Amino acid sequence: MNDEAFQHSIRKLLKTVGVNSQQEIEKAVQRSLAEGHLEGNETLPARVTVEVDGLSLALDFDGDITLE
């Protein structure tokens, strides 16, 4: 196994997930604000699940997204 390639591929995946997730969450919040579904002062519970096929690995991370 090439540790450097392995580590690089993990970092690349996580960076892609982080950037794309943030953009999609921002769009969804703006849309919900515009439609009146959110007031802008909420705290939204969030969960991220990372699954790796071939390893039978599923990791859940919980947190909050605060709008104010």
Side-chain angles (χ1 to χ4, degrees):
M1 180 173 81
N2 181 328
D3 284 336
E4 188 174 322
F6 173 57
Q7 294 294 324
H8 177 74
S9 67
I10 293 171
R11 286 191 302 273
K12 183 177 176 183
L13 172 66
L14 293 176
K15 181 177 178 181
T16 300
V17 169
V19 170
N20 291 330
S21 297
Q22 180 175 348
Q23 291 171 345
E24 292 302 317
I25 292 167
E26 289 172 352
K27 287 182 204 175
V29 166
Q30 291 302 321
R31 186 171 48 250
S32 292
L33 288 168
E35 294 172 354
H37 299 294
L38 293 175
E39 295 179 16
N41 59 356
E42 292 87 353
T43 297
L44 307 170
R47 174 177 295 119
V48 175
T49 300
V50 176
E51 295 182 16
V52 180
D53 293 338
L55 296 180
S56 299
L57 178 67
L59 305 169
D60 289 322
F61 300 94
D62 295 310
D64 292 322
I65 297 172
T66 56
L67 304 185
E68 190 171 73

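Only heavy atoms go into these numbers, but all of them, side chains included; no hydrogens, no water, no symmetry mates. Quantities reported herein were computed from a predicted structural model and do not represent experimental measurements.
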Partners of [X] by side chain to side chain contact (heavy atoms under 4.5 Å, CB included), sequence neighbours excluded?
X     : value
Gln7  : Arg11
Asp3  : Met1
Thr43 : Asp64, Thr66
Glu35 : Arg31, His37

Should side-chain heavy atoms under 4.5 Å link Ile, Leu, Val, Met, Phe, Trp and Tyr, which residues sit in the same cluster as Leu67?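 Listed partners: Ile25, Val29, Leu33, Leu38, Leu44, Ile65.
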Linking directly or through intermediates, with side-chain heavy atoms under 4.5 Å: list the remaining ILVMFWY members grouped with Val17, chain and number order.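 Other cluster members: Leu13.
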Can you list the residues that meet the salt bridge (charged side-chain N to carboxylate O under 4.0 Å, His left out) rule with [X], with sequence neighbours excluded?
X     : value
Lys27 : Glu24
Arg47 : Asp62
Glu4  : none

What's the shortest heavy-atom distance between Gly40 and Glu68, and which atoms?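 For Gly40 versus Glu68, the nearest heavy atoms are O-CB, 3.8 Å.
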Per the salt bridge (charged side-chain N to carboxylate O under 4.0 Å, His left out) rule, what does the pair list look like for residues 52-61, sequence neighbours excluded?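 Pairs touching residues 52-61 that pass the test: none.
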Is there a path from Leu59 to Leu55 through hydrophobic residues (I, L, V, M, F, W, Y) whose side chains come within less than 4.5 Å of each other?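 Yes: a chain of side-chain contacts under 4.5 Å links Leu59 to Leu55.
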Spell out, yes or no, whether Val52 and Phe61 are grouped together once hydrophobic residues are joined by side-chain heavy atoms under 4.5 Å, including indirect joins.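 Yes; Phe61 is reachable from Val52 via cluster members.
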Given Asn2 and Phe6, is the side chain to side chain contact (heavy atoms under 4.5 Å, CB included) satisfied, shown in steps? CA-CA 6 Å; Asn2 181 328; Phe6 173 57; over 6 Å; no
Check side-chain hydrogen bond (donor to acceptor under 3.5 Å, both in side chains) between Glu42 and all other residues, then give those that pass, not counting sequence neighbours.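 Once residues adjacent in sequence are excluded, Glu42 has no partner under the side-chain hydrogen bond (donor to acceptor under 3.5 Å, both in side chains) criterion.
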How would you list, by chain and number, every residue that makes a side-chain hydrogen bond (donor to acceptor under 3.5 Å, both in side chains) with Gln22, sequence neighbours excluded?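 Once residues adjacent in sequence are excluded, the partners of Gln22 under the side-chain hydrogen bond (donor to acceptor under 3.5 Å, both in side chains) criterion are Glu26.
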